[in-house]
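What follows is a short report on a single structure.
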Amino acid sequence: MNLPKAYNAQDYEDKIYKQWEASGYFNPDNLPGNGEPFSLLFPPPNVTGVLHLGHALENALMDTQIRYQRMLGKKALLLPGTDHSAVATQARVEKNLQAQGIKHPRTEYGREKLVSIIRDFAEQSKSTILNQIKKLGTSCDWSRLAYTFDEQRSRAVNELFVRMYRDGLVYKGYRVINWSVKGQSTCSDDELVYVEQTTKLYTFKYSKDFPIAIATTRPETKLGDTAVAVHPNDERYQQYIGKEYTINIGAAKPLVIKIIADDTVDMNYGTGAVGVTPAHSMADYDMYLKHPDIGLIQVISEDGCMTEQAGKAYQGLTALAAREKLVAWLKDNNLIIKEEELVHSVGTSDRFSDVVEVIPKEQWFVNVNKIIPGKNKTLKDLMREAAAKIKITPERFEKTYLRWIENLRDWCISRQIWWGHRIPAWYKDKEVYVGIKAPLEQGWQQDEDTLDTWFSSGTWTFSTLGWPKQTADLKKFHPISWMQMGHEIIFFWMARMILMTTYALDSIPFKEVYIHGMLRDKQGRKFSKSLGNGINPLDVIKQYGADALRLSLLKGITPGNDSKFYEEKVEDSRNFVNKVWNVARYVTTSPSIPPLKGEGGEAIADSWIESKLNRLIQEINNYFEHYQYSLAAEKIYEFLWHDFADWYIEITKFQPNPVLTKQVLETTLKLLHPFIPFVTEVLWSELHPGKLLMIETWPQADATKINPTIEKQFADIQDIVTQIRDLRAKYNIAYSTKITLFTKKPVSGTKDIIEHLTKVVISEGSGMGKVQLINDAYEFTLDLQSVIDVPKYQAQLKKEIVELKKYVVSLNQKLNTPEFISKAPARIIEVEQKKLADKKAILEKLEKSLQEL
RNA sequence: GGACGCUUAGCUCAGUUGGUUAGAGCAUCUGCUUUACACGCAGAGGGUCGCAGGUUCGAAUCCUGCAGCGUCCACCA
């Protein structure tokens with residue numbers, strides 16, 4: 001075997017990925033054996049651009065999990081896919097077009113042409129993304145590749161829409177919705193991004209005679225007020241409840257304001273009274289539903305300007321201009337009582353980033369509070385019940401999810417954009433038809449609107465498996481065994497999948513969810529286009545390799561918590577990958593080193609490494625079960641580098657055991673494979689030409705090999721070796737300088753190890769030297785006087801003695817405390833007593849050492 | 001306003017059910033051309049675990065309060 005000194009990932013990764021693909025083992029149907037199915041589903045990335053490092057983290061998590069499961073012998077499926085992400089993609093393409101000088105893409109191109117431009121963009125983006133996924137080494141089943149907007153998924157979406165419509169869960173209604181003026185489309189409550197803004201809060205009266213003052217930050221909407229709400233128990237306003245007042249503040253018709261009682265009003269805030277504008281506030285609309293007689297007046301239109309109903313003086317003005325004008329009028333009429341600055345958050349559109357207006361409009365909604373026919377439960381109930389059946393890691397996110405359900409309103413699912421699933425509803429005169437396909441007769445017009453992208457993503461766990469057909473895949477792989485996602489997507493996606501699946505399949509969508517944190521840059525900022533701090537994973541891969549990138553993303557993370565990305569981390573992982581490479585290179589090329597005569601020392605090192613290895617396997621399996629990838633990776637890192645390479649391999653240089661060395665290497669490669677699949681696979685093909693590591697059997701721990709006594713003995717040897725090395729380093733004794741170690745006690749099994757690792761010569765029986773090396777098991781005298789600086793060493797010893805004395809005193813005190821003796825468990829007392837005895841012995845020897853010098 | 005999270009070495013973070021003198025990587029310093037690896041080897045220094053109380057024989061770990069940072073939610077008009 002002739003491997004280069006340094007591992008160069010670029011020389012191997014593409015080749016290895018092709019081998020994996022060609023093997024067919026990404027597809028669970030081709031895996032050998034009769035293992036249980038294990039399914040894992042890609043959160044489909046948006047086809048709005050390229051994958052960023054956050055996606056790389058997700059890929060690393062998923063692929064590590066699926067490779068582990070595959071090696072456990074399960075029928076492991078990682079199903080890949082992408083999301084057409086309706087609004088996001090259309091907004092993106094429109095922005096691009098506008099940058100090219102196309103001011104109004106929708107009017108200039110028309111529906112068909114614009115959709116086709118978006119499609120081209122999406123396809124382009126999709127292929128970039130799929131290529132990136134391959135570069136990351138993700139072992140997904142490409143034969144099952146899905147897209148939220150492909151034929152199969154569209155069928156599922158339409159089918160579900162129709163079913164929900166027939167069950168009365170999807171309805172068309174006139175309600176207030178969030179409206180992006182810039183995007184000319186609705187958006188759901190969850191799509192709003194709240195931005196802090198300082199505005200003026202005006203406290204005023206509608207007229208001189210009006211009995212109650214109210215406050216608002218948006219005076220212009222007051223042209224559409226129809227009521228004033230007070231708390232039913234508020235004594236100040238009791239007398240007015242139920243009364244109506246006609247006022248005139250400039251609207252087209254004089255406003256009839258009814259005083260209503262509603263317990264959602266906070267008596268202690270402001271004047272304790274709320275001006276109710278049903279048409280332009282979600283909360284006010286809810287009150288209107290409870291008091292429908294107050295009516296609803298729309299004063300702001302879809303273009304963000306005032307409507308005819310707002311009155312001649314205001315019609316056509318932008319909301320802002322109308323505000324100024326109305327404030328001026330109120331001032332002129334001495335109706336303003338107070339003006340104050342107020343910081344509050346305003347909802348803005350996620351995709352078009354303009355302030356969102358609340359306006360009433362006829363739209364399609366999902367009713368979350370209606371009893372589902374035949375089930376005696378609402379969608380909210382189903383979503384709530386599902387939480388108990390799904391294991392969320394970390395658990396705290398379950399609470400977040402449940403609270404969200406409580407606040408959930410009917411979900412507006414229609415969008416006035418063209419990129420997306422067109423709503424399967426047709427109109428002819430006043431007739432409405434909802435069905436999978438258009439009616440056969442002439443004259444039916446399909447609804448112009450498209451569905452919210454999350455409506456399709458919600459079907460993801462089952463539409464990807466062939467639903468509505470009752471496929472074998474659906475039977476085998478649903479519910480999905482494990483999913484991972486970022487916490488920012490819990491409401492958008494996780495909640496919607498639960499809603500859709502519990503309704504359509506009467507089942508939970510997945511058994512377990514792992515919530516990961518957000519990846520941030522070195523300074524802790526989000527990665528974003530506007531900051532320009534984005535990093536393309538491919539650039540990192542090019543420089544350090546996919547394995548290094550993956551490992552660096554997984555190390556140092558804990559479930560649900562954000563992590564930072566920076567290059568030094570990747571470098572460290574790259575160094576580790578190279579270490580793995582060189583360990584394997586050494587193990588496979590070094591049998592020629594002549595064995596030296598040992599005294600049974602090889603038995604200790606061999607049993608020790610076997611013990612450590614089997615302990616490691618146990619730990620790793622435990623970590624995997626608890627999704628502690630970071631800890632698992634760190635443990636293997638530690639073992640491979642600091643146990644296997646630094647100690648065991650160094651010992652095999654004079655006490656070779658080629659069979660065991662190779663065995664340990666192979667087991668370690670298996671344990672590492674889920675994390676760093678490429679390099680381990682390359683090495684495996686060197687060890688076993690023609691075989692694939694990816695389907696090798698995951699190591700099982702042999703508990704009988706775990707031997708604490710041997711581990712303790714070996715730790716003692718390590719201790720002595722380290723002490724000698726420490727002295728060499730402290731007193732600048734070169735390794736070529738031979739120093740002599742005298743011992744009175746037998747050092748069976750350890751002599752060779754100590755001699756070779758420290759380049760000392762061990763002589764028996766004589767105590768000529770002056771430096772005592774002490775630990776629990778061995779006692780040596782080291783003749784160092786010829787080579788060390790004695791006063792310096794004395795000073796060092798004194799310092800150590802002082803510190804040790806302090807510790808012994810405190811330990812002694814603790815052990816003599818009556819409470820400790822009476823209350824601490826016997827196990828602890830025993831440990832502490834032994835500790836005290838050990839430390840005392842060491843202290844004694846150190847003092848003796850000092851005297852002799 | 002509510003909820004949640006974070007605060008441990010210069011930096012990035014671990015620390016499982018409370019129990020040896022709190023760990024790792026990076027960075028710093030010292031010494032090594034030891035033929036697998038300088039993407040390396042051998043060492044060293046560096047922390048009153050955010051602050052203040054409490055529970056306990058024993059607290060980084062459990063409880064209470066406070067401070068700073070962050071995230072999410074919300075109908076403060």
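Every chain is numbered from 1, with letters handed out A, B, ... down the list of sequences. All values derive from a computational prediction rather than experimental measurement.
Within 4.0 Å (heavy atoms only), V831(A) reaches no atom of the nucleic acid at all. Residue T722(A) is classed as a sugar-phosphate contact, given heavy-atom separations below 4.0 Å to backbone atoms only. Here K5(A) lies in heavy-atom contact (under 4.0 Å) with sugar-phosphate atoms only. Within 4.0 Å of H344(A), counting heavy atoms only, lie sugar-phosphate atoms of the nucleic acid but no base atom. Residue D286(A) is classed as having no contact, given no heavy-atom separation below 4.0 Å to the nucleic acid. Nucleic acid contact class of R525(A) (heavy atoms, under 4.0 Å, all strands): none. I557(A) comes within 4.0 angstrom of nothing in the nucleic acid, heavy atoms only. I829(A) comes within 4.0 angstrom of nothing in the nucleic acid, heavy atoms only. D726(A) comes within 4.0 angstrom of the backbone, heavy atoms only, and of no base. Residue A229(A) is classed as having no contact, given no heavy-atom separation below 4.0 Å to the nucleic acid. Counting any heavy atom pair closer than 4.0 Å across all strands shown, G275(A) reaches sugar-phosphate atoms only and no base atom. Across all strands shown, N622(A) has no heavy atoms under 4.0 Å from either base or sugar-phosphate atoms. Note on L342(A): only backbone sugar-phosphate atoms sit closer than 4.0 angstrom, heavy atoms only; bases stay farther off.
Here the separation of C51(B) from A9(B), taken at their P atoms, is 11 Å to the nearest Å. Taking atom P on both nucleotides, C76(B) is separated from A22(B) by 50 Å, rounded to a whole Å. Comparing C62(B) with G19(B), their P atoms are spaced 11 Å from each other, to the whole Å. With both ends at atom P, the span from U7(B) to A60(B) equals 15 Å, rounded to whole Å. For the C1' atom pair drawn from A67(B) and U28(B), the interatomic distance equals 32 Å after rounding to whole Å. Only the C1' atoms considered, A59(B) is 16 Å distant from U21(B), to the nearest whole Å. G58(B) and G18(B): their C1' atoms are spaced 8 Å apart (whole Å). Here, C63(B) and U16(B) have their P atoms 14 Å apart, quoted to the whole Å.
Annotation: side chain of K380(A) is not in contact with side chain of E406(A) (no heavy-atom distance under 4.5 Å).
With no hydrogens or angles considered, no side-chain donor-acceptor pair links D719(A) and T722(A) at under 3.5 Å. The closest side-chain donor-acceptor pair between H642(A) and D646(A) falls under 3.5 angstrom. For the residue pair Y566(A)/D521(A), the side-chain donor-acceptor check at 3.5 Å is not satisfied. In summary, the side chains of Y240(A) and D234(A) do not present any donor paired with an acceptor at a separation below 3.5 Å, with no hydrogens or angles considered.
Atom pair E220(A):CD and A77(B):C1' shows a separation of 14 Å (rounding to whole Å applied). As rounded to whole Å, 18 Å separates atom P of A14(B) from atom CD1 of I636(A). Rounded to a whole Å, the CD atom of E488(A) is 9 Å from the P atom of C72(B). Atom CZ in R403(A) sits about 7 Å away from atom C1' in C4(B), given to the nearest Å.
Residue order along RNA chain B, read from the 5' end via each residue's closest nucleotide, puts P825(A) first among T817(A) and P825(A). Each of K569(A) and A824(A) lies near RNA chain B, and the nucleotide nearest K569(A) is the one positioned closer to the 5' end.
Taking side-chain N and O atoms only, T558(A) has a distance below 4.0 Å to OP1 or OP2 of A14(B). Contact annotation: K564(A) side-chain N/O to U12(B) OP1/OP2 distance is under 4.0 Å. Contact annotation: R725(A) side-chain N/O to G43(B) OP1/OP2 distance is under 4.0 Å. The phosphate of C41(B) (OP1 or OP2) has no side-chain N or O of K759(A) nearer than 4.0 angstrom. OP1 or OP2 of A36(B) lies within a sub-4.0 Å distance of a side-chain N or O belonging to K653(A). OP1 and OP2 of U56(B) both lie 4.0 Å or more from every side-chain N or O belonging to K823(A). Of the side-chain N and O atoms in H487(A), none sit less than 4.0 angstrom from OP1 or OP2 of G5(B). When the side-chain nitrogen and oxygen atoms of R396(A) are compared with OP1 and OP2 of C72(B), none of them lie within a distance under 4.0 Å.
A salt bridge does not link K290(A) with D286(A): none of the charged nitrogens is closer than 4.0 Å to a carboxylate oxygen.
A donor-acceptor distance shorter than 3.5 angstrom exists from the side chain of D262(A) to the backbone of T264(A), with no hydrogens or angles considered. Between the side chain of S630(A) and the main chain of G556(A), a donor-acceptor pair closer than 3.5 Å is present. At least one donor-acceptor pair closer than 3.5 Å links the side chain of Y401(A) to the backbone N or O of M383(A). Counting only distance, with no hydrogens or angles, the side chain of S281(A) and the backbone of T277(A) share no donor-acceptor pair below 3.5 Å.
The side chain of V265(A) has A77(B) as its nearest neighbour among C37(B), A74(B), A77(B). Comparing A36(B), C39(B), A77(B) by their nearest atom to the side chain of V274(A) picks out A77(B). When distances run from any side-chain atom of L631(A) to the nucleotides C73(B), G15(B), A36(B), the shortest one goes to G15(B). The side chain of E819(A) sits closest to C57(B) out of C57(B), C76(B), C72(B). Residue A6(A) places its side chain closer to C39(B) than to any other of C4(B), C39(B), C73(B). In this structure, of G19(B), C75(B), C4(B), it is G19(B) that holds the atom nearest to the side chain of I828(A). Listed nucleotides: G19(B), C39(B), A3(B). Nearest to the side chain of R827(A): G19(B). Proximity note for T217(A) (side chain, C-beta onward) versus U21(B), A77(B), A74(B): the nearest is A77(B). Closest approach to the N561(A) side chain among A14(B), G70(B), C37(B) is made by A14(B) (side chain taken as heavy atoms from C-beta onward).
For U20(B), its base never sits under 3.5 Å from the side chain of K834(A) at any donor and acceptor pair. Judged by distance alone with a 3.5 Å cut-off, no donor-acceptor contact links the side chain of E650(A) to the base of A42(B).
Between W581(A) and Y12(A), the ring planes lie tilted relative to each other; the angle falls in the 30° to 60° range.
Both tests do not hold together for K635(A) against Y623(A): distance to the six-membered ring centre under 6.0 Å, angle to the ring axis within 45°. A cation-pi contact, defined as under 6.0 Å to the ring centre and within 45° of the axis, links K653(A) to Y586(A).
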Pairs under 3.5 angstrom, nitrogen or oxygen only, protein versus nucleotides 24-33 of chain B, please.
| residue | atom | partner | partner atom | Å |
| --- | --- | --- | --- | --- |
| G25(B) | O2' | D572(A) | OD2 | 3.1 |

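Aromatic ring centres of F624(A) and F675(A) lie closer together than 6.0 Å.
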- Note on the structure: Annotated structure of RNA chain B as dot-bracket, pair cut-off 3.5 Å, Watson-Crick or G-U only, | for inter-strand, is (((((((..((((.....[...)))).(((((.......))))).....(((((..]....))))))))))))....

